[in-house]
Structure formats: structure tokens, C-alpha cells
2 protein chains.
Amino acid sequence: MQITTLQTIANLVHYSRSTVSRVLNDQWNEHGISEATAELVIAKAKELNYIKNEGASSLRAKKTFTIGVIVRDITNPFYTQLVKFVENALYTKGYTVIICNTGYDLEKENGHINVLLRRRVDGIILSPNQKSIDNISLIKDRNVPLAFFDCKIDEIEADYILVDNEAGTSEAVNHLISKGHKKIAYIGGDPFESNNRLRYEGYKKSLSKAALPIREHYVKHSNYTFKHGYEASKELIRLNDAPTAFFAANNRIVLGAYKGIIDCGLHIPEDVSIIGFDDFETAIMLPIRLTVVCQPIEEIALCTVDLLLSRINNTNTQSFVTKILKTELILRQSIKGLA
Amino acid sequence: MQITTLQTIANLVHYSRSTVSRVLNDQWNEHGISEATAELVIAKAKELNYIKNEGASSLRAKKTFTIGVIVRDITNPFYTQLVKFVENALYTKGYTVIICNTGYDLEKENGHINVLLRRRVDGIILSPNQKSIDNISLIKDRNVPLAFFDCKIDEIEADYILVDNEAGTSEAVNHLISKGHKKIAYIGGDPFESNNRLRYEGYKKSLSKAALPIREHYVKHSNYTFKHGYEASKELIRLNDAPTAFFAANNRIVLGAYKGIIDCGLHIPEDVSIIGFDDFETAIMLPIRLTVVCQPIEEIALCTVDLLLSRINNTNTQSFVTKILKTELILRQSIKGLA
DNA sequence: AGATTTTACGCAATCGATTTAGTAAATAAC
DNA sequence: GTTATTTACTAAATCGATTGCGTAAAATCT
């Protein structure tokens, strides 16, 4: 049993491929094809259960209606959500998405990028990484439309959709200060990553503005992991002048810190207040619901998709854009006011 | 600036497309092409930064090295994990994955399936749904290799990779019974879904075996949501003869029930014991770590991929297979022994 | 030297859909 | 009764890579 092609239909209705193609693409009126012919073709196509071969179309059209989305850890709920919204938005616009999970592995990132290029995707969305520079240049060299979200790489000029990390963190730390906290720790991620640097800037600015000292031993950079949050919080708690509040730079760290605090036998927020960057399901599931800085994930996704599509369709001719979205402070239960 | 094709290279090195193709596919020795020619071609390809157009290859080869994976809710960590492992396994085998999230929307499922068929994917992996039957027949009608995981649909003969829901639940309920519980509630999902039916069977069998009555008001079927877990647990707690232990049929329900118990002012496990189906990150993040029935997610993913690829490559000629994997009971803190 | 084999390639069809540039036949206009 | 126009299509090139079949030229054999 052969697969039905345009030719199959053409042979059976005794018209040419061209005619069949035009009918099935709803262009028959514009090409002087009689309604009777059109109906015949459509009926035959339905009868044979014809499904167009997108690959063949793409080859001819030099457009695949496919977008690659590369994230580092799809199991991180921040990315899961992002991917979900991106997929949905692109689906609505008629695009198919190839989601690539690199697991922080540069080799795999490289492999995925090569696959996407071989498949001639119309564009790529990427949450970049300092170390990805070489991989990214593979894309830029090919002039494949590219949009970054989540994180900025200073060395690379491109379209970025970001959130205001500095202002978001400042708002969080200001909130802690307004609640009477003076000893505030910063448990951060990768010290070379732009998000972390900006969040740290926000932290420092808020402290300075309130004339509070920035104490180095209250600052724990390392990486965005549960483990780091866990260990850092334990170390901080053991200090003689232990901080009364923790700012945690992402969803993983905040969970680790939460657990670290509990495991030390302390209570949140009575003994230690905690606030995290990123909102996520578990944050409201914890017995003490976490106060967090929430990123507008859906908005990030939609903006990124819009921007990328505008590049693909050449409707946007301005030079590179960096769009910075606002975060939202969500007050819940993990912060206590000090007397 | 034109994209480099085989023709571009052929023109520059003054050999035919065939020769260039053979060289770049490492078939030059088998076709009597001299090493000098091969080297020249390879050098020129590198110089021009040639990247093969997979679409064109696919068209010719009638094989796309693409697999569609359809899940209902990619933000459910169970599916996120599954998708991650599937993607990784297929990546290793040279396949690209198109992940489709339907959000429990049959229209969207239909749309996604049509996209996958138009793209001539080599196979589809699907977590099915009673109501998906019509959509699934679109795939079966086309003879596209298909593997199901997670859930069985009795009406459809196909390859299934499942877990032993009945035994897993039985083990969980037996554990509760062994800890002295006699009043055990079942908070379930969709009563028409095979997983839920089997889990319920396991529940009933364990009770019967222990000569415990099956009390209807202890059984709350509805759907696999947080909300259902939350509400059901509250209703159960309000009963005069409230159960001492809850079995929750998935990761969402168990979280809802957990929250419901806490919100009623009760303590886990002192006042109520709870056990859930599915392990997930939050389960160990909760202050009382949840005892759960763990599904072997990676194994499910690998088995499904292996089975699907064996169908695609025709190395497996046996008729439909249903593979049932074992679950594992993970004892943590949410179950208390009754005196 | 002539026959045979080996070396080193090329031609052209093919995959399936799209599109430009036509053409034959019917109808209308003058 | 011509010419112009409209109607209703078609042929063939194209997208880029692959492959079965074929062949010229060089090398080897007898």
C-alpha cells in the first residue's frame, strides 16, 4: 500500500500535479481552476486520506516552520513552564518546536545545535550560558534567527528577553529591610552568570541604600543547585552573627536553604526569614509558603516568540533588542517582621 | 550569500554531486573514489561550512529520524522526567524528538498528531487517554509505528510499556495494614482510566486479603488534580469514622491531600498517615518526606524507546507487546505505626 | 598489441510539493 | 470572420541529497 502523493491523486483524477496542488492549497480560484475540478480533487484526496509531506514542502519553500528551543534543564520547573508556554505560542502560530535539553553539557548543546542547523530550523530560542559562546557562534555564522531568554551574555549581541534581576532582587531585599532585617545573607548561583551578578548588584544596592554593611561572609556564590542552598544555609546558620534573613537566587537554592534551615532545627520564619527568586509549585506546597520574586514566565515566553517571529518574517528591522520585563514580589509566609 | 549545497561544492571542486555526496557520507572507498579527491572535497566542504540539509535527505530516504512524543501535561514532573529520558535516549540513537504538550485538550492532541503525520515522523510515543481513541486511529490508519506508555486503553491493541499498578498499590496498602492501619482511604483519579482502575483493584485486594471491609465512603474517585486531593482529604477528615491513612493515586493528589491535612490542623503522620503513587522532587522537600510508590521512570522511557525503535527497524516482528515494569515502595516519614 | 580488469568517477532519476511560464480551447468583442 | 480575451488547465524546473547504472581512461595481463 503506497502513500498517497499529489501524483497519486493527479493520476486518478486525470489532472496535473499542479492543479491538485493548487486545489489542496486553496488557490484554485486564483488560478482559474473550475469548481467542479476542485471538488473532484478534494473528494479524491479525502478518499485516499492524503496528508501532505511537509518535508517536501519545506524543501521547496526553504522554510520549515520549525523552531528549536534549547534549555539546560527541562526538569527545572522554571524551564518546564517556559518551554510549555513557548511550545503553545508557537503551535498557535503554526510552528513546530524541537525541544532540546542539554543538561548543562556543552557537547550535547553542540550536538543539538548541529541537528537544528541540519534540519534548517527557521529560528532558535536559547537560554544561554557563558560557556556556550562557541556553540552560539555556530548559529550566528549561519544567520539563523536567534533569540535568547533568561540570561544575557555580554559578549554576544543579540535579541534578549530578560527580567529586571537587579530591581527584582532590590525589591526583595528592601522588603526584608522594611521588616527590620539588618543581617541579610545572599545565597547565589554561578558568580560569572549575568543573572546572578545582577541579582547580587540589587542586593548590594539595597543594603547600601539602607546604610547597611555588605558583609562578605554573608555572601555565598557557587551554583544554582539544591546542594549549594542546603550547604550554604547551614554554614550561615552556624555563624556567630548568623543572618536573620536569606535571599536565595533561584528556585533550587531556595529549596536547599529551606531544607537546611529545617534540618538545623530552626523554624521559618520565626528563627530565619527566607525569600527566593522564581516562583514555583513547591513554593506554595511547603507548610510555610515561600515569599518569592516571581518571574513573568508566560510573558517571557510570549515576548520571545514574538520577537523571534518578527525576525523570521523580517517585520522587525531594528537592530538587536533587549527587553527587560518586570518581576513581582509575592508575599507569603516565609518572612517575619523583627521587633 | 547562498547556502552551501552539494552542488556548490561539486562546482568548485569540479566533480559531480554524486562524488561529493559519497565522500561526505564516508562511502568514497566503496565507490572507488581516490583519497586525493576525497580530501579535496572534505576540505572544500569545511571551507564553505557545509551543513547537510536533513530535510532533503529525509525526502529521498523516506525516513526522517524524528519521533513525536505526546504527553498531556509536560509540567507534571512525572511527564517531565519521562520526556527528559526519552529525549536523551533518542538523541543518543540519532533521533530528534518533537515533544507535544496537549494540556488534556483533544483538539490540540488532534492537531499535534496531524502535524506529526505531515512531518512523516518515524514513530510516535504517546501517553494515551480513553478519549483519544479517534485521534489514535489517525496514527494506526497510517501504520506509523506507535508505542504507548503510562496508560493502557483496552480497546486499542498496541505496544504498551506500563508499570504494575495493581501490585504497586497492593504493596503500599499492605504496608499500611502492616503498620496497623485498618481505616484506609483511597483518593483516586479518573475512574475510567486504566491506571486508576488497577490501582483501585490493588487497594481492594489488599483490604480483602486482610479481611478488612471496603467502605465506599473511603473511596474518592474524580481526577488527578491537586484540587481533588485537597477536597477529598478534607471530606475524609470530617467523617465521624475518619480514616487513619490515605492512599493517593498520583503525585498531584498526594500534594493536595497533604495540604488538606495540614490545613485541617492535623499532623502527618501523627494524626493521619499518607502514601502516594509516583515519586517526585517535592515529595522529599516536604518537612515530612512522603512515603511513595515509585515508578521506574527512566526504565519506562528506555523500554519505550527500545520497543519503538525495534518496530521502526523491523527487528521486532512479534505481535503487540505489553511490558509491565515493577514499582518500588520508598519508605520515608509519612506513615506512622499504630499501636 | 589486444583483451581484460581496475580505477575513478558521472548521468539522470528519484523523493513530493510548489511555481513560473506557458498553451489550447472556448467564448466574447468588434 | 477575425481578433481579443477568458477559462482551464499543463509542462517542466526547482528545492538538496541519494543511488543504480553506466563508462571513459588507465593499468595489468597474456
Side-chain angles (χ1 to χ4, degrees), chain A residues 2-42 44-45 48-66 115 117-122 142, chain B residues 2-42 44-45 48-66 115 117-122 142:
Chain A
Q2 271 301 297
I3 281 184
T4 305
T5 72
L6 285 188
Q7 186 71 257
T8 322
I9 299 175
N11 293 341
L12 288 167
V13 296
H14 302 296
Y15 287 110
S16 70
R17 281 206 300 283
S18 331
T19 299
V20 175
S21 170
R22 281 171 179 136
V23 169
L24 296 179
N25 285 305
D26 260 334
Q27 298 170 340
W28 54 276
N29 8 277
E30 300 138 50
H31 287 272
I33 291 164
S34 74
E35 198 166 340
T37 305
E39 277 169 8
L40 178 62
V41 168
I42 289 169
K44 189 56 82 176
L48 298 179
N49 201 5
Y50 171 76
I51 295 182
K52 98 146 83 159
N53 184 324
E54 275 286 340
S57 293
S58 297
L59 180 59
R60 177 68 223 243
K62 288 172 169 284
K63 166 140 177 121
T64 56
F65 282 100
T66 306
V115 169
L117 295 176
R118 280 203 295 275
R119 290 182 177 263
R120 299 292 192 267
V121 292
D122 295 334
R142 292 251 144 200
Chain B
Q2 272 300 296
I3 281 184
T4 304
T5 71
L6 285 188
Q7 187 72 64
T8 322
I9 298 175
N11 293 341
L12 288 167
V13 296
H14 301 297
Y15 287 111
S16 70
R17 281 207 299 284
S18 331
T19 300
V20 176
S21 170
R22 283 169 179 137
V23 169
L24 297 179
N25 285 305
D26 260 332
Q27 298 170 341
W28 54 275
N29 8 277
E30 300 137 50
H31 287 271
I33 291 165
S34 75
E35 198 166 340
T37 305
E39 277 170 9
L40 178 63
V41 168
I42 289 169
K44 189 55 85 175
L48 298 179
N49 201 5
Y50 171 76
I51 296 183
K52 99 145 85 160
N53 184 324
E54 275 286 340
S57 294
S58 297
L59 180 58
R60 177 69 222 242
K62 287 172 169 284
K63 165 139 178 125
T64 56
F65 282 100
T66 306
V115 168
L117 295 176
R118 280 203 295 274
R119 290 182 176 263
R120 301 290 192 266
V121 293
D122 295 334
R142 293 249 143 201

Colleague: Can you check whether A:K62 has a side-chain N or O nearer than 4.0 Å to OP1 or OP2 of D:dG16?
Modeller: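 Indeed, a polar side-chain atom of A:K62 lies that close.
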Colleague: Kindly indicate whether the side chain of A:R22 and the base of D:dT10 share any N or O donor-acceptor pair separated by less than 3.5 Å?
Modeller: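 By the distance-only test, yes, there is a pair.
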Colleague: Please classify the nucleic acid contact of B:S57 as base, sugar-phosphate, or nothing, using heavy-atom distances under 4.0 Å.
Modeller: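 Since only primed, P, OP1 and OP2 atoms lie under 4.0 Å of B:S57, the category is sugar-phosphate.
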Colleague: Just checking B:S18: base, sugar-phosphate only, or nothing, at a heavy-atom cut-off of under 4.0 Å?
Modeller: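 Base contact.
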Colleague: Using atom CG of A:L40 as one end and atom P of D:dA8 as the other, report the distance to the nearest whole Å.
Modeller: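 The answer, rounded to whole Å, is 15 Å.
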Colleague: Show which side-chain atoms of residues 22-29 of chain A pair as donor or acceptor with protein atoms under 3.5 Å away, not counting sequence neighbours.
Modeller:
from	atom 1	to	atom 2	distance (Å)
A:R22	NE	A:H31	ND1	3.4
A:N25	ND2	A:S21	O	2.9
A:N25	ND2	A:S21	OG	3.4

Colleague: Answer with yes or no whether B:R118 presents, from its side chain, a donor or acceptor under 3.5 Å of a partner atom in the base of C:dG16.
Modeller: no
Colleague: Taking any heavy-atom pair under 4.0 Å as a contact, classify A:S58: base, sugar-phosphate, or nothing.
Modeller: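 Nothing, no heavy atom under 4.0 Å.
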Colleague: Of the listed nucleotides (C:dT20, C:dA17, C:dG10), which one gets closest to any side-chain atom of A:K52?
Modeller: C:dA17
Colleague: Give a yes/no on whether any side-chain N or O of A:N25 is located under 4.0 angstrom from OP1 or OP2 of C:dT18.
Modeller: yes
Colleague: A:Y15 has an atom OH; how far is it from atom P of D:dA8, in whole Å?
Modeller: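 Checked: the OH to P distance equals 10 Å.
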Colleague: Of B:L59 and B:Q27, whose closest DNA chain D nucleotide lies nearer the 5' terminus?
Modeller: B:L59
